[in-house]
Student: 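Before I ask anything, let me first share the structure, which is written out below as structure tokens.
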Amino acid sequence: MGEGVKKPPFLKSIREPEVYKPLLILMGMFAFQQLTGIFVVVVYAVQISQEAGVTIDPFMSAIMIGVGRVATTVLLGIILEKWGRRRSGLVSALGMCICMFVLAGYRWSSWLQLIPYLPIIAIIAFIILSTFGLYTLPFFMISELFPQKVRGAASGLTV
């Protein structure tokens with residue numbers, strides 16, 4: 001039985017442009033993803049909506065958030081195929097920004113408070129829009145950008 005193709009050491013391969021460029025790009029994408037607060041909002045969505053004054057049942061709020069995430073994930077393949085990665089990421093980032101401004105403005109604007117479930121709508125929209133781009137794109141891009149010879153080590157380092 002013959003041996004497989006020997007992979008060069010990762011530290012040697014990282015000096016190659018086809019490795020370090022995607023590594024820097026993806027590390028930037030993951031850093032930006034963390035700075036948007038996606039994971040915080042997903043984990044604390046029910047508490048955030050309660051703090052904003054929504055009187056909806058917390059379990060119903062969690063169910064609506066979960067259904068929104070599942071539905072978006074199912075549609076994600078179709079959307080990425082039609083829109084492409086760039087448009088999906090831009091729509092996601094702009095939409096998430098608008099949702100957070102609406103959520104923040106809800107506390108200070110009396111006319112926004114006339115809409116009773118606006119905070120939970122903004123949170124669910126934020127989560128759905130994040131799933132369209134910034135929440136999932138970096139993970140998709142790992143398999144697309146790294147060469148096969150360094151994919152395992154580079155994706156581990158990136159994430």
Side-chain angles (χ1 to χ4, degrees), residues 7 10-11 13-52 54 56 60-109 112 115 117-159:
K7 290 183 186 179
F10 180 68
L11 291 177
S13 297
I14 204 166
R15 295 186 204 132
E16 299 170 6
E18 64 266 10
V19 176
Y20 74 78
K21 285 180 181 180
L23 187 65
L24 293 174
I25 290 168
L26 285 168
M27 284 181 153
M29 286 181 76
F30 274 102
F32 187 69
Q33 179 191 61
Q34 290 295 321
L35 291 172
T36 61
I38 294 169
F39 297 108
V40 174
V41 172
V42 168
V43 172
Y44 293 105
V46 174
Q47 290 88 342
I48 293 170
S49 62
Q50 288 176 333
E51 295 264 333
V54 175
I56 194 169
M60 182 58 77
S61 177
I63 289 171
M64 290 186 330
I65 290 165
V67 167
R69 286 183 66 195
V70 168
T72 307
T73 304
V74 168
L75 296 173
L76 187 63
I78 299 166
I79 290 168
L80 286 179
E81 228 16 73
K82 285 188 177 223
W83 287 3
R85 309 290 189 253
R86 181 179 178 173
R87 188 185 307 173
S88 177
L90 290 173
V91 167
S92 174
L94 181 63
M96 290 168 59
C97 183
I98 291 169
C99 289
M100 285 297 107
F101 276 119
V102 166
L103 186 61
Y106 184 80
R107 290 287 238 173
W108 293 289
S109 173
L112 280 177
I115 306 169
Y117 295 114
L118 186 62
I120 194 68
I121 292 168
I123 290 170
I124 291 171
F126 177 86
I127 292 170
I128 288 171
L129 286 162
S130 70
T131 305
F132 279 139
L134 295 181
Y135 191 65
T136 53
L137 273 180
F139 295 103
F140 278 113
M141 302 293 282
I142 283 176
S143 64
E144 295 175 353
L145 293 182
F146 286 129
Q148 183 65 34
K149 65 182 180 182
V150 296
R151 189 169 294 157
S155 61
L157 180 63
T158 302
V159 175

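Everything quoted here is computed from the prediction, not taken from an experiment. Only this structure's heavy atoms are used, side chains among them; waters, hydrogens and symmetry mates stay out.
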Student: If you look only at pairs with a residue in residues 125-139, which of them pass as a side-chain hydrogen bond (donor to acceptor under 3.5 Å, both in side chains), with sequence neighbours excluded?
Tutor: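 Residue pairs with at least one partner in residues 125-139: Arg69-Tyr135.
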Student: By side chain to side chain contact (heavy atoms under 4.5 Å, CB included), which residues pair with Ile98, not counting sequence neighbours?
Tutor: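 Ile98 satisfies side chain to side chain contact (heavy atoms under 4.5 Å, CB included) with Leu94, Val102 once adjacent residues are dropped.
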Student: Write out all pairs satisfying salt bridge (charged side-chain N to carboxylate O under 4.0 Å, His left out) with one or both partners inside residues 137-147, taking only residues at least two apart or from two chains.
Tutor: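 Non-adjacent pairs meeting salt bridge (charged side-chain N to carboxylate O under 4.0 Å, His left out): Arg85-Glu144.
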Student: Going from CD1 on Ile65 to CD1 on Ile127, what distance comes out if it is rounded to the nearest 0.5 angstrom?
Tutor: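 Output value for this atom pair is 4.5 Å.
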Student: Output the distance between atom CD (Gln34) and atom CZ (Phe39), rounded to the nearest 0.5 Å.
Tutor: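 So the gap between those two atoms works out to 5.0 Å.
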Student: Say you draw a straight line from OG of Ser92 to CD1 of Ile128; how long is it, rounded to the nearest 0.5 Å?
Tutor: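 It comes to 11.5 Å.
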Student: Would you please name every residue forming a side chain to side chain contact (heavy atoms under 4.5 Å, CB included) with Ile121, sequence neighbours left out?
Tutor: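 Ile121: side chain to side chain contact (heavy atoms under 4.5 Å, CB included) contacts with Tyr117.
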Student: What pairs of residues pass the ring pair (Phe, Tyr, Trp, His ring centres under 6.0 Å) test when at least one of them lies in residues 61-106, not counting sequence neighbours?
Tutor: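 Counting only pairs at least two positions apart or across chains, no ring pair (Phe, Tyr, Trp, His ring centres under 6.0 Å) contact touches residues 61-106.
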Student: List for me each residue that meets side chain to side chain donor-acceptor pair (under 3.5 Å) alongside Ser109, sequence neighbours excluded, and say none if there are none.
Tutor: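 Ser109 satisfies side chain to side chain donor-acceptor pair (under 3.5 Å) with Trp111 once adjacent residues are dropped.
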Student: Can you name the residues that form a side chain to side chain donor-acceptor pair (under 3.5 Å) with Glu81, not counting sequence neighbours?
Tutor: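 Expected list: none.
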Student: So, using side chain to side chain contact (heavy atoms under 4.5 Å, CB included) as the criterion, who are the partners of Ile115 when residues are at least two apart?
Tutor: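 Here the qualifying residues are Leu118.
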Student: In residues 13-31, what donor-acceptor pairs under 3.5 Å come from side-chain atoms, sequence neighbours left out?
Tutor:
| unit_1 | atom_1 | unit_2 | atom_2 | d |
| --- | --- | --- | --- | --- |
| Ser13 | OG | Pro9 | O | 3.2 |
| Glu16 | OE1 | Lys149 | NZ | 2.7 |

Student: Taking only residues two or more places apart in sequence, or in another chain, which ones meet Arg87 in a side chain to side chain donor-acceptor pair (under 3.5 Å)?
Tutor: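 None.
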